[in-house]
Structures are given as C-alpha cells and as structure tokens.
Amino acid sequence: MASQVTGNETDQVLVQERPAPPATKEELLYNACSLAGKTLGQVAHQLGISIPENLQHKKGWQGQLIEKALGGINSTFAGPDFPELGIELKTIPLDHRGLPKESTYICAIELSDIYGQLWETSLVYNKLKQVLWVPVESEQSIPVAKRHIGMPLLWSPNLKQEQLLKTDWEEHMEKISLGRIADITAHMGNILQVRPKAASGKIRRKGSNEEGETKDTLPRGFYLRPSFTSEILTQHFIHPA
DNA sequence: CCGTGATCATCT
DNA sequence: AGATGATCACGG
C-alpha cells in the first residue's frame, strides 16, 4: 500500500502506512481493537484525511474512514468488505446511551433475476453472516473530530436471529418477485426493512417480475432496524441502566 | 448510471 | 422521540 506524508512537518516527517488488508480475522480484530478509544480526528490525522465539520454532506465519512484504517477494500464491490475473510465491516453510530442512532444499511435490492433466489445465496445473508461492528460515538453535539471509537464486535447471527432475518427476507422477496415492490413500506419486516436507496426520489430503475414484465421503481435497499442492532450490541456489551 | 459508505429531514 | 422516506458523496 502506498504511504503518504501528513501535512505538518515541523518536527519530523510523519509517514503513515495505509494498512494492508488483514490476512486473518484475528489480525483484523486486533487492528480494530487498537482503534478503540481513539477519536475519529486522531485516526483521520494519522491517515492524512481531512475532517468535515459535520456529516450533512459527508454521510459516509466515518464508515469510509474506518474502512481505510482497517485496510478494507475501497470500491463498489457488492459483497463483504474483506472478501477473503468473509467479513463485512459496519460502523454503527451510538447516542449518549450507547444505543444505535440509525438503521444499518445492508445492500441494494436486485430488481432483476430475482426469481428463485434463496436466502442461503442472497447478498443479505452473505453480508450478514459475519459482521465486524465498530461503534462510534455520534451525538451531534460532539464535534466529528472528537467522537470516540468503541470496542469492535465480531458477530454472526445466532439461530434465532438468522431465522428472523430469513423470514423477513423471504417475505420481502416474495412481494418483489411478484412485482409488488411498490407495496413494501418501511413498516414491514420485524428486523429487516426495505427503504429507498437512491440519490433522489426521482430516480427510477427497470425491474422485472417472474413473468418478465418490467416497470420503473424507486431503487430500494435492505436495512436493519436499530432495535435489532441494539440487541446485537447489548448481547456482548453490558452497560448500566 | 449504479452500488458502496451511510445520515438527514420530516412526519407522526 | 422514534421511525420513515429522502438524500449526499464517491469510485468505477
């Protein structure tokens, strides 16, 4: 990986290595643990990345920062961030109580060639079967640079969780395969919801149902509800009430 | 344009 | 306050 020189050279030239992709999950987890307790500002500075005042126009900034810090692939690849390890990286914004502030985006929903898809080979399952959660302090009152990174959690769904995910996914996919994606709202799904995922509400994309018909629809994505990600985190991190 | 990284802005 | 629907930036 390329190294780079940070801006200030008054004391010495600070050369920071862009971490190479980790070879093992132990290495990835170790690296993620070493970020815990640091601020986003510290990590950004080490990587020579400028820090935005707010995330209004930089919505994916934290996620991309942590991804770079851990040597994840930087692309539009529709699969886990660490393909060799089969691990997906997700930063998760926490409020002052330590609870998730937002839903968690999983992936775009295919609108073609969906007939006969199985849960076991779905993109949702492939992304969620092993996730490295990296909590980030995300109260808006805290300047972006001062927000702390928390202890990471390498998680895989347990049987109950996987069953819930599968059930939701199958219900959503059945509607979609019948050409009824427009009928799906974010109210549906116990833990996995379907919400718009586009640059704007005006975007339209061709889809097709099992009869080969096409229609224009607003692109959608799968998201995990905050109540579910909260459950994931609290399984492992006990915090006082 | 599309999929990734997500959070924003508004309504209930 | 919490959730839903809408939106922003970037790389390919």
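Letters A, B, ... are given to chains in the order of the sequence lines, protein chains preceding strands, and every chain is numbered from 1.
A straight line from CH2 of A:Trp61 to P of C:dG11 spans 15 Å, rounded to a whole angstrom. Atom pair A:Lys59:NZ and C:dC10:P shows a separation of 13 Å (rounding to whole Å applied). At whole-Å resolution of the value, CG in A:Leu224 and P in C:dG2 are 19 Å apart. For the pair A:Arg220 CZ and C:dG5 P, the computed distance is 9 Å after rounding to whole Å. C:dG11 atom C1' lies 10 Å from atom NZ of A:Lys68, rounded to whole Å. Across the protein-nucleic acid pair, A:Leu55 atom CG and C:dC10 atom C1' stand 15 Å apart, rounded to whole Å. Taking atom CZ of residue A:Arg225 and atom P of nucleotide C:dA3, one finds them 8 Å apart after rounding to whole Å. Between the C1' atom of C:dA9 and the CG atom of A:Asn54 lies a distance of 13 Å, rounded to the nearest Å.
Between A:Lys90 and A:Glu88 there is a salt bridge, with a side-chain nitrogen of the basic residue lying less than 4.0 Å from a carboxylate oxygen of the acidic one. Using a 4.0 Å cut-off between charged nitrogen and carboxylate oxygen, A:Asp216 and A:Lys206 count as a salt-bridge pair.
Dense packing is recorded around NZ of A:Lys175, with more than 12 heavy atoms of other residues, nucleotides or ligands lying under 6.0 Å away. Surrounding OH of A:Tyr30 are at most 12 heavy atoms belonging to other residues, nucleotides or ligands under 6.0 Å away. Around NZ of A:Lys146, the count of heavy atoms belonging to other residues, nucleotides or ligands within 6.0 Å does not exceed 12. The environment of CD in A:Glu120 is crowded: more than 12 heavy-atom neighbours from other residues, nucleotides or ligands sit within 6.0 Å.
Judged by the 6.0 Å distance and 45° axis criteria, A:Lys197 is positioned over the aromatic ring of A:Tyr105.
At the heavy-atom level, A:Gly63 lies under 4.0 Å from the strands shown only through sugar-phosphate atoms. Within 4.0 Å of A:Thr91, counting heavy atoms only, lie sugar-phosphate atoms of the nucleic acid but no base atom. If you check every strand for non-hydrogen atoms under 4.0 Å, A:Thr185 touches sugar and phosphate atoms only. Counting non-hydrogen atoms under 4.0 angstrom, A:Glu110 reaches nothing in the nucleic acid. No contact: A:Pro219 has no heavy atom under 4.0 Å from any strand.
For the side chain to side chain contact (heavy atoms under 4.5 Å, CB included) with A:Thr229, the lone residue among A:Leu99, A:Thr104, A:Val131 that qualifies is A:Thr104.
First and last contacts of DNA chain B with chain A, using any nucleotide atom under 4.0 Å from a protein heavy atom and ordered 5' to 3', fall at B:dC2 to B:dA9.
Using a 4.5 Å cut-off on side-chain heavy atoms (C-beta onward), A:His172 and A:Phe222 make contact.
With A:Arg220 contributing its side chain and A:Leu218 its backbone, the two residues share a donor-acceptor pair below 3.5 Å. Judged purely by atom type and a 3.5 angstrom limit, A:Ser156 uses its side chain to pair as donor or acceptor with the backbone of A:Lys129.
Comparing A:His57 and A:Glu102 by the nucleotide of DNA chain C that holds the closest heavy atom to each, the one mapping nearer the 5' end is A:Glu102. Of the two residues near DNA chain C, A:Ser227 and A:Leu218, the one whose nearest nucleotide lies more 5' is A:Ser227.
Listed by first residue number, the stems of DNA chain C with at least three Watson-Crick or G-U pairs below 3.5 Å are B:1-12 with C:1-12.
The aromatic rings of A:Tyr125 and A:Trp119 lie tilted to each other, with the angle between the two planes from 30° to 60°.
Of all the residues in residues 193-204 of chain A, A:Gln193, A:Arg195, A:Pro196, A:Lys197, A:Ala198, A:Ala199, A:Ser200, A:Gly201 reach under 4.0 Å from DNA chain C with at least one non-hydrogen atom.
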